[in-house]
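Have a look at the structure below, then the notes.
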Amino acid sequence: MLQKPSIPKGTRDFLPLEMARRNYIFRTITEVFSLYGFLPMETPAMENLSTLLGKYGEEGDRLIFKILNSGDFISKVPDDDVYFSNSNKLSSKICEKGLRYDLTVPFARFVVQHQNEITFPFRRYQIQPVWRADRPQKGRYREFFQCDVDVIGSDSLLNEIELARIIDDVFSRLKFKAAVKINNRKVLAGMVEVAGVPEKFIPVITAIDKLEKTDRDNVVGELLQKGLSEEAVNKIMSITEVSGDNTGKLSALRELLGKSETGMKGIKELGFLFKYLEKSGLENEFIFDPALARGLDYYTGTIFEVKAKDVEIGSICGGGRYDNLTEVFGLSGVSGVGISFGADRIYDVMLQLNAFPGELLTGTRIMFTNFGEDEASYCLDIVGMLRKAGISAELYPEAAKMKKQMTYADRKNISYVALIGETELKERTVTLKNMVTGSQQKISPEELAGLLQEDTFLPGR
RNA sequence: GUGGAUGUAGCUCAGGUGGUUAGAGCGUCAGAUUGUGGAUCUGAAGGUCGCCGGUUCAAGUCCGGUCUUCCACCCCA
């Protein structure tokens with residue numbers, strides 16, 4: 001016996017019901033994106049490693065799936081022990097491609113490469129899978145879909161407002177509550193500046209980002225351990241712990257960050273953003289959280305993070321502004337903002353909240369039973385007629401027992417079954433059975449299309 | 001990448017201290033009902049106990065390794 005087949009860890013197969021639900025999410029998100037004037041685009045699953053490496057921080061580089069060169073790649077490796085004792089050195093010699101880690105960096109590459117073919121400010125959306133060599137956990141996969149929307153080539157904060165509204169629209173349509181946290185990297189930069197440790201930016205923000213998960217003492221401990229003075233730590237903690245409503249927090253920070261030009265700029269930006277958001281009539285919570293940091297290295301301004309209100313699963317959407325991402329690819333002075341919806345986590349949330357509409361999996365509207373060759377050929381004509389009228393119809397492919405055919409229709413959640421046997425064939429009629437009520441009636445084939453179109457009822461499960 | 005738990009039929013799980021032929025519920029299939037599904041009854045099929053090795057007269061059970069899934073850290077959608 002062969003070994004049981006399997007798929008790589010952290011990857012998944014999707015059954016028809018799951019696909020129906022996933023497509024519902026993609027459809028909803030796409031509808032909102034196009035409503036805001038964004039256009040679709042795609043990039044390849046694999047990129048050159050030179051495009052990917054060094055953009056996501058040290059940890060990110062480790063999580064990139066590398067693709068082995070084809071052919072006799074080993075003969076090109078110098079016969080030197082350093083290559084065979086160090087995986088990183090070896091992989092640099094035998095891999096030149098990798099699977100994309102997110103959609104933002106490939107997008108930056110795309111913008112630089114096609115700068116003369118696109119119109120700025122460029123608004124695009126991109127829905128594709130990404131891969132991370134992470135250890136799988138709940139809500140954490142090695143292959144998952146991101147739904148990105150970005151505006152590049154404009155530093156107006158109106159773009160941030162548009163993105164915030166997109167977030168609000170998407171979760172309103174998907175019918176569950178989200179909590180959106182907003183901060184600004186400039187506020188964080190100002191924070192380490194007034195604490196006198198501007199060179200410790202990355203270690204400080206990764207530490208305070210954990211405030212939500214662990215208790216305050218751990219974060220303080222981590223900061224001290226990273227070499228900050230007690231005074232600097234106190235300063236940082238006082239900034240992250242300002243309380244009140246959004247405007248209250250902002251005015252408190254105006255005091256605390258007064259000495260930092262960058263910090264004040266961040267506060268000004270946030271002030272503008274919240275002023276507009278408050279009059280936007282949003283349905284979800286938008287909260288200024290000075291402790292929100294986000295790991296990715298390339299953010300420079302506003303940062304967003306969205307969590308589901310009633311499910312523990314990590315962030316379901318995130319993003320921010322990046323000023324220099326295209327620079328490494330040779331195009332400077334172009335600022336962009338974007339957010340990314342995590343379709344797989346949104347799926348998990350909706351499954352837990354039972355937020356999917358019931359009627360998603362209704363493929364076939366009517367199935368014709370098969371009583372034999374003559375009946376089947378008559379059915380096929382009617383099936384063709386219905387399909388022309390836009391009604392999805394199928395004929396059971398074998399003259400199996402009634403029970404078997406009915407069970408099939410029942411399982412597939414088909415609304416109607418047409419029975420055409422010897423008598424119906426002779427009379428040129430069809431016996432139409434409603435699979436929900438169980439009632440049946442005899443009608444002419446010509447009446448069928450009209451009757452099915454009129455009846456909007458769909459069985460739900 | 002570090003630490004911990006887990007793995008028995010398609011699914012959910014039983015199987016004290018090793019001892020003949022590994023069980024249940026659900027599901028599947030068949031029949032009761034030769035042109036009628038979702039209810040009920042009857043019956044059947046389905047397992048190299050994750051994989052490899054070791055200890056033992058004897059391993060689902062003990063030991064080691066490996067893989068999977070899950071949890072924590074790290075990081076993140």
Side-chain angles (χ1 to χ4, degrees), chain A residues 1-12 15 25 29 56-64 87-88 101-104 127-148 202 205-207 209-210 213-214 218 222 293-297 304-308 312-319 338-349 367-372 375 396 399-425 430-440 459 461:
Chain A
M1 235 280 266
L2 275 118
Q3 218 191 348
K4 272 187 188 169
S6 63
I7 54 175
K9 82 161 137 185
T11 65
R12 294 150 300 155
L15 276 78
I25 294 172
I29 290 175
Y56 308 105
E58 207 181 310
E59 182 70 12
D61 281 359
R62 208 176 49 91
L63 298 178
I64 291 170
S87 325
N88 273 335
Y101 176 90
D102 73 354
L103 302 177
T104 308
I127 298 178
Q128 287 190 277
V130 303
W131 294 269
R132 294 183 189 177
D134 210 348
R135 189 176 278 210
Q137 249 179 68
K138 180 169 292 178
R140 177 178 294 194
Y141 308 100
R142 292 184 133 184
E143 178 184 60
F144 61 97
F145 274 75
Q146 289 195 329
C147 313
D148 273 38
I202 297 283
I205 66 164
T206 50
D209 204 27
K210 288 172 201 157
K213 268 188 120 170
T214 70
N218 286 339
E222 187 173 332
R294 294 190 57 77
L296 292 174
D297 285 357
F304 296 95
E305 182 161 281
V306 186
K307 292 200 168 176
E312 263 312 307
I313 199 165
S315 60
I316 52 176
C317 177
I339 49 168
S340 179
F341 290 83
D344 305 82
R345 283 187 180 172
I346 291 174
Y347 178 95
D348 292 343
V349 168
M367 186 199 86
F368 286 72
T369 51
N370 189 327
F371 280 88
E375 291 89 341
Y396 195 86
K401 283 184 189 161
M402 257 318 88
K403 184 187 166 86
K404 195 164 182 176
Q405 301 195 34
M406 295 302 285
T407 306
Y408 171 86
D410 189 47
R411 297 257 169 83
K412 273 191 79 179
N413 209 7
I414 293 172
S415 334
Y416 287 96
V417 167
L419 296 115
I420 296 175
E422 215 179 320
T423 31
E424 286 88 350
L425 186 61
V430 351
T431 297
L432 183 67
K433 181 181 172 93
N434 181 319
M435 289 297 277
V436 179
T437 62
S439 67
Q440 50 189 71
R461 285 279 152 95

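Chain A is the first sequence line, chain B the second, and so forth, proteins listed ahead of strands; every chain is numbered from 1.
- Annotation for A:K210: atom NZ counts as buried by contact number, over 12 foreign heavy atoms lying within 6.0 Å.
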Please tabulate the protein-to-nucleotide N/O contacts below 3.5 Å involving nucleotides 4-6 of chain B, giving atom names and distances.
none

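- No hydrogens or angles were tested; on distance alone, a donor-acceptor pair under 3.5 Å links the side chain of A:D410 to the base of B:G37.
- Nucleic acid contact for A:L419: base, since at least one base atom lies under 4.0 Å from a heavy atom of the residue.
- Among the protein residues, A:E422 comes within range of the nucleic acid bases, having at least one heavy atom under 4.0 Å from a base atom.
- Not one side-chain nitrogen or oxygen of A:R140 sits closer than 4.0 Å to the OP1 or OP2 atom of B:A72.
- Between A:R142 and A:K9, the shortest heavy-atom distance links the atoms CD-O, 2.9 Å.
- Applying the side-chain contact (heavy atoms from CB on, under 4.5 Å) rule to A:A308 yields the partners A:F176, A:V311, A:I316, A:V349; only residues at least two apart in sequence or on another chain are considered.
- The interatomic distance linking A:R12 (CZ) with B:U68 (P) rounds to 16 Å, in whole Å.
- Centroid-to-centroid, the aromatic rings of A:Y408 and A:Y396 come within less than 6.0 Å.
- Atoms CZ (A:F368) and P (B:G37) sit 19 Å apart, rounded to a whole Å.
- Annotation: B:G43 and B:G35 have their C1' atoms spaced 25 Å apart (nearest Å).
- Within 3.5 Å, a donor on the side chain of A:E424 pairs with an acceptor on the base of B:G35, or the reverse.
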Every protein N/O within reach of nucleotides 65-67 of chain B N/O, cut-off under 3.5 Å:
none

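- Within the nucleic acid shown, A:G60 has no heavy atom closer than 4.0 Å to any nucleic acid atom.
- Between A:N370 atom CG and B:U36 atom P the separation is 16 Å, expressed in whole Å.
- Here A:K403 does not reach the OP1 or OP2 of B:A32: none of its side-chain N or O atoms lies under 4.0 Å away.
- Atom CD1 of A:I313 is separated from atom C1' of B:A77 by 10 Å (rounded to the nearest Å).
- Residue-level contact check: A:K307 touches neither bases nor backbone, having no heavy atom under 4.0 Å from any strand.
- By the salt bridge (Lys or Arg N to Asp or Glu O under 4.0 Å) test, A:D134 is found to be paired with A:R140, residues two or more places apart in sequence or in another chain being considered.
- Heavy atoms of A:M402 sit under 4.0 angstrom from primed sugar atoms or phosphate atoms, though from no base atom.
- Look at CG on A:D209: it is 15 Å from C1' on B:C73, rounded to the nearest Å.
- The base of B:G38 does not come close enough to the side chain of A:T407 for any donor and acceptor atom to sit less than 3.5 Å apart.
- Counting only heavy atoms from C-beta outward, the side chains of A:Y141 and A:D348 approach each other to under 4.5 Å.
- When all heavy atoms of A:P129 and A:E143 are compared, the pair lying nearest together is CB-CG, 4.3 Å.
- Minimum heavy-atom separation, A:C147 to A:A343: SG-CB, 4.1 Å.
- Contact annotation: the side chain of A:M435 approaches that of A:D410 to within less than 4.5 Å [non-hydrogen atoms, C-beta and beyond].
- A:Q440 contributes a side-chain N or O that forms a donor-acceptor pair with the base of B:U36 under 3.5 Å.
- Remark: A:R294 is in phosphate contact with B:A77, judged by side-chain N or O atoms under 4.0 Å from OP1 or OP2.
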Determine, stepwise, if the pair A:F371 / A:M402 fulfils side chain to side chain contact (heavy atoms under 4.5 Å, CB included).
-> CA-CA 9 Å; A:F371 280 88; A:M402 257 318 88; 3.5 Å; yes
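- Residues satisfying the side-chain contact (heavy atoms from CB on, under 4.5 Å) criterion with A:Q146, sequence neighbours excluded, are A:D102, A:L103, A:V130, A:R132, A:F144, A:D148, A:S340.
- The nearest whole Å value for the distance from the CZ atom in A:R142 to the C1' atom in B:C75 is 14 Å.
- When heavy atoms are screened at a 4.0 angstrom cut-off, A:Q146 is found touching the sugar-phosphate backbone but no base atom.
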Can you list the steps and then say if A:T369 with A:V417 is a side chain to side chain contact (heavy atoms under 4.5 Å, CB included)?
-> CA-CA 7 Å; A:T369 51; A:V417 167; 3.6 Å; yes
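- Residue A:G372 is classed as having no contact, given no heavy-atom separation below 4.0 Å to the nucleic acid.
- If you check every strand for non-hydrogen atoms under 4.0 Å, A:Y408 touches nothing.
- We find that CG of A:D348 is positioned 15 Å from C1' of B:C76, with the value rounded to whole Å.
- Remark on RNA chain B: of its neighbouring residues A:R345 and A:G10, the 5'-side contact belongs to A:G10, judged by nearest-heavy-atom nucleotide.
- A distance cut-off of 5.5 Å between ring centres, combined with a plane angle under 30°, leaves A:F341 outside any stacking arrangement with the base of B:A77.
- In terms of polar N and O atoms assigned as donor or acceptor, the side chain of A:R62 never comes within less than 3.5 Å of the base of B:C74 in a complementary pairing.
- Note on A:G438: a base of the nucleic acid sits closer than 4.0 angstrom, heavy atoms only.
- If you check every strand for non-hydrogen atoms under 4.0 Å, A:C317 touches sugar and phosphate atoms only.
- Across all their heavy atoms, A:I205 and A:R294 have their closest contact at CD1-O, 4.3 Å.
- The CD1-P distance, from A:I346 to B:C76, rounds to 19 Å in whole Å.
- Among the protein residues, A:D102 comes within range of no part of the nucleic acid, since none of its heavy atoms lies under 4.0 Å from any strand.
- The base of B:A77 sits with one of its N or O atoms less than 3.5 Å from a complementary donor or acceptor on the side chain of A:R132.
- Contact annotation for A:T423: base contact, defined as any heavy-atom pair under 4.0 Å involving a base atom.
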Go through the steps for A:S315 and A:R345 under the test side chain to side chain contact (heavy atoms under 4.5 Å, CB included), then give the verdict.
-> CA-CA 8 Å; A:S315 60; A:R345 283 187 180 172; 4.1 Å; yes
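- Pairs of Watson-Crick or G-U wobble type, with distances under 3.5 Å, assemble into runs of 3 or more in RNA chain B at these ranges: B:1-5 with B:69-73, B:10-13 with B:23-26, B:28-32 with B:40-44, B:50-54 with B:62-66.
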